[in-house]
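Here the structure comes first, spelled out in structure tokens, and everything after it is commentary.
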Amino acid sequence: MALSSVEDILGKLNPVQREAVEYNGGPILILAGAGSGKTRVITHKIAYIIATRQAKPWEILALTFTNKAAGEMKERIRTLVGKGADLIWMGTFHSIFARILRKEGERIGLSRNFTIYDEEDQQGVIKGVMKELDLSAQELTPRTVRSRINRAKDALLGPGAYAEGAEDFIAQRVAQIYSEYEKRLQAANALDFADLLLKPVRMFRSHPDLLGVYQKQFSAILVDEYQDTNHAQSVLTDLLAARHRNICVVGDDDQSIYSWRGADVGNILGFEQNYPNCKIFRLEQNYRSTKTILGAAGAVVSHNRRRKPKTLWTSRGDGEVVTLMKMPDEREEVLGVVRKIETFMAEDKRQPRDFAVLYRTNAQSRGLEEGLRRAGIPYTIVGGIRFYERREIKDVLAYLRVVVNPQDDFSLLRIINVPPRGIGAVTLSRLKELARQQGLSLFGALKLAGEEVSILPEKRKRLKQLNSVLKKYGSSRKKVSPGELARGLLDDVGYWEYLEQDSTPKGEDRVENVKELLRGMEEFSTLHAEGNLEAFLAEVSLLTDIDSWDDRKNGVTMMTLHAAKGLEFPVVFITGLEEGLFPLASNLDDPAQLEEERRLFYVGATRAEERLLLSCAFRRRRFGGQYGIPSRFIDEVPTEYLETEGEDVTWGAAFSPEDITGTEKTYQRIEDEYSMGEEGDFRLKVGQTVHHSRFGRGRILGKSGFGEMTRLVVDFEKSGRKRLLLKYAHLQVLYEDEDS
DNA sequence: GGTGTCTTCTTTTTT
DNA sequence: AGAAGACACC
């Protein structure tokens, strides 16, 4: 391959892009609007740095948010500078710092074979802690605890610091759980995602000599999607850049959509203050979309108050208007999308791969999937239930984790009775007790279980068997390939027979999935010569669904708006544009969150190159049936860009009496359900007759709380008294129909 | 200790 | 609507 000259590298850039690539005078902030050639600038900048010998490839640190983005960038750099590209430190924040931790973590008491817990594992540990500490999960779910802990970690707060700032009761409890959670992770030699960032910060701060080594090495640091960095990430890059001060961050505050995960737009907005001598480049020419699409997207996002004003422009033509499809219900919405796809394929010679159908929540993919399948249009779904999150896959991975890291109690717990070997709660508690007494991990206790008198002889035998299998593979793991090892292990424990017991399609899927996993492991070994089991597990736990999305496959792509960031398609549908769904109900009250929803719309709309279609349904079945009001974002699209198909539908007092089950008297449903919010509350007075989809008709006896947390006591005619949370009850107010 | 049924709870987005 | 947990029965 002929390598590019410096002029080749610069030649394909517009003046601003070129300036940004050539600039070599310290910190750089590149504000890159959607479709402005951001990736091109980063890749060309890196190529330029290498070609002009500002730095060696291995002195460059380039951080992204998905493996896919990193892989694609590496590929593009390779075409510019050749194989040197492979030596660049390029990857996601999490994978790069996991790698550094594996190498250096012993300094902070971390052994190389640590396990990475995903959020499900994390939540499992938290659940266990909460059970043991007997902190009721009523107003404090493991889920909220998890997110609080993660948020704390993202902000670099350990359990101690968090406890100090814990003012209210809930936070104090979280602090307690957090502290115990940390102990367990440490004992299990495990790290969660947030630890992969927090631990390196700690390590670098406590070992300046080590920090010095990396500071010296990374003479050029580049960060993609800087608007999505959290505090820990910005601290990390600041630490590493402190010596050379050669840091280049790229991002777009309008595309900040991960604040719920701890991302802080303040990082990009405050970069100038943080690096006062920084040079700012603005990429405002969009190469992707038509004027219409850009105008529509820009008009919507301009409703946000907290943003840097900017004007994206394009030399492209107006193109087609944005189409809005107003549909009576979600079924019709799906049919509408399908019909459009068929029309465009027939008339405009579009391929299935030209289309993306975007939605706010994964749950919406079901209906769409069904519609496309019926129409015989090939498709791929990105996201949803991810491969590595399937139960059977996690089971197998748990076995492998224990083999690699015997201290991993949580994983051992997962598989100790899978397949069933007669180990129930009693035996388990004896085993745990044994571990506690001896100060051992669960695996340590398992070794002794064969001689433990408090455990039933029969169980002892089974535990002994399990122990010997795990031991066998633990000692052979360095000699055989990951795939081979897994195959043997699964044979030995009888996992296949266990899966095959279930002969339903679902069970067959499971077998297929595990086979697929084994294939993946074998492929991994051929790809990475040094690919041992540790490496495989490490990689697998940091994989996301978008990473495995194959854009060469010719199918319609379905995914959430979040997953679509960074991608582009000729035709884009944004579906489910209804108040409460997009923007999502829980983000409706908080202006900051609402602005984030709006940015999400902006991100979705700017994925489109030629055509953008919006759709909303006036009735959407979100269990029980809720009615849709078109999203405010639709109103924010200037009418000159918009062409509407379909009509407004008012569902209301149009239900026939038969719709209400088991009532001998005729009642009429009123326009809406009073599932949440204040507006409906006034009708929900004590004494009011209401209808519940399951319990039928009843009378309100009592009411407490307010807003979403309103609790009701209802006396149902058929099923008696029930306590209900208004938020979930979906009650309908019944009025006596005078005419009957 | 396993299995089946009933009840309760959950619905955001994901490295 | 569907999953996970609780509970009861085997």
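We name chains A, B, ... by the order of the sequence lines, and we start the count at 1 in each one. For clarity, every value in this text was computed on a predicted model and none was experimentally measured.
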Response to the item:
On DNA chain B, more 5' by nearest nucleotide between A/H562 and A/L428 is A/L428
Worksheet item: Is there side-chain contact between A/W260 and A/E596, with heavy atoms separated by less than 4.5 Å?
Response: yes
Item to complete: With the side chain counted from C-beta on, respond yes when A/L197 and A/N230 share a heavy-atom pair under 4.5 Å apart, and no when they do not.
Response: yes
Worksheet item: To the nearest angstrom, how far is A/F582 atom CZ from B/dT11 atom P?
Response: 20 Å
Discussion item. What's A/D228 touching, base or sugar-phosphate or nothing? Going by heavy atoms closer than 4.0 Å.
Written reply: nothing
Fill in: Options B/dT12, B/dT14, B/dT15, nucleotide nearest the side-chain atoms of A/A563
B/dT14
Worksheet item: Can you tell which of B/dG1, B/dT15, B/dT13 lies closest to the side chain of A/K459?
Response: B/dG1
Worksheet item: Would you say the side chain of A/R360 lies within less than 4.5 Å of the side chain of A/E597, judging by non-hydrogen atoms?
Response: yes
Worksheet item: Between atom CD in A/E119 and atom P in B/dT15, what is the gap in whole Å?
Response: 10 Å
Practice prompt. Report which part of the nucleic acid A/D118 touches: base, sugar-phosphate, or nothing (heavy-atom distance under 4.0 Å, all strands).
Written response: nothing
Fill in: Atom-pair distance (CD on A/Q123; C1' on B/dT12), nearest Å
14 Å
Practice prompt. Rounded off to whole Å, could you give me the OH-to-C1' distance for the A/Y602 and B/dT13 pair?
Written response: 20 Å
Discussion item. Classify A/E596 by what it touches in the nucleic acid, base, sugar-phosphate, or nothing, heavy-atom distance under 4.0 Å.
Written reply: nothing
Worksheet, complete the sentence: Quick note, A/N417 side chain, CB onward, closest among B/dT13, B/dG2, B/dT11 is B/dG2
Discussion item. In this structure, how many angstroms lie between the P atom of C/dG2 and the CZ atom of A/R391, rounded?
Written reply: 15 Å
Worksheet item: Thinking salt bridges, do A/R102 and A/E534 make one under a 4.0 Å N-O criterion?
Response: no
Worksheet item: Do you see a donor-acceptor pair shorter than 3.5 Å between the side chains of A/E120 and A/Q122?
Response: no
Worksheet item: Which part of the nucleic acid, if any, lies within contact of A/F193, taking any heavy atom under 4.0 Å across all strands shown: a base, the sugar-phosphate backbone alone, or nothing?
Response: base
Discussion item. Check for me: is A/W260 stacked on B/dT13 by the 5.5 Å centroid and 30° plane-angle rule?
Written reply: yes
Item to complete: Please tell me which of A/R261 and A/R421 maps to the more 5' nucleotide of DNA chain B, matching each residue to the nucleotide holding its nearest heavy atom.
Response: A/R421
Worksheet item: Base, sugar-phosphate, or nothing for A/K127, non-hydrogen atoms under 4.0 angstrom?
Response: sugar-phosphate
Fill in: Nucleotide of B/dG2, B/dT13, B/dG1 approaching A/V426 most closely (side-chain heavy atoms)
B/dG1
Worksheet, complete the sentence: A/N362 has its side chain closest, among B/dT13, B/dT12, B/dG2, to B/dT13
Worksheet item: With sugar-phosphate meaning primed atoms plus P, OP1 and OP2, does A/K565 contact a base, only sugar-phosphate, or nothing at under 4.0 Å between heavy atoms?
Response: nothing
Worksheet item: Is A/A194 touching bases, backbone alone, or none of the nucleic acid, heavy atoms closer than 4.0 Å?
Response: nothing
Practice prompt. Pick base, sugar-phosphate or nothing for A/F93, based on heavy-atom distances below 4.0 Å to the nucleic acid.
Written response: nothing
Worksheet, complete the sentence: Considering only heavy side-chain atoms of A/T560, the closest of B/dT13, B/dT15, B/dG2 is B/dT13
Practice prompt. Find the distance A/E389:CD to C/dA4:P and express it as a whole number of Å.
Written response: 12 Å
Worksheet, complete the sentence: In whole angstroms, the gap separating P of B/dT14 from CD1 of A/I257 amounts to 9 Å
Worksheet item: Taking only side-chain nitrogens and oxygens of A/T141, does any of them come within less than 4.0 Å of OP1 or OP2 of B/dC9?
Response: no
Worksheet item: How would you label the contact of A/T427 with the nucleic acid (heavy atoms, under 4.0 Å): base, sugar-phosphate, or nothing?
Response: sugar-phosphate
Worksheet item: Any side-chain N or O of A/R143 less than 4.0 Å from the OP1 or OP2 oxygen of B/dT11?
Response: yes
Practice prompt. Respond yes when some side-chain nitrogen or oxygen of A/N230 is under 4.0 Å from OP1 or OP2 of B/dT15, and no when none is.
Written response: no
Worksheet entry | Donor-acceptor side-chain pairing of A/Q233 and A/N267 below 3.5 angstrom | no
Worksheet item: Does A/T64 reach the side chain of A/M73, with side-chain heavy atoms less than 4.5 Å apart?
Response: yes
Fill in: Base-pairing mate for C/dA3 - Watson-Crick or G-U, with both contacts under 3.5 Å
B/dT8
Worksheet item: Whole Å only: how far is the CZ atom of A/R146 from the P atom of B/dT10?
Response: 13 Å
Fill in: Side chain of A/T92 - closest among B/dT11, B/dT13, B/dT15
B/dT15
Worksheet item: Using a cut-off of less than 4.0 Å, is there contact between a side-chain N or O of A/N150 and OP1 or OP2 of B/dT15?
Response: no
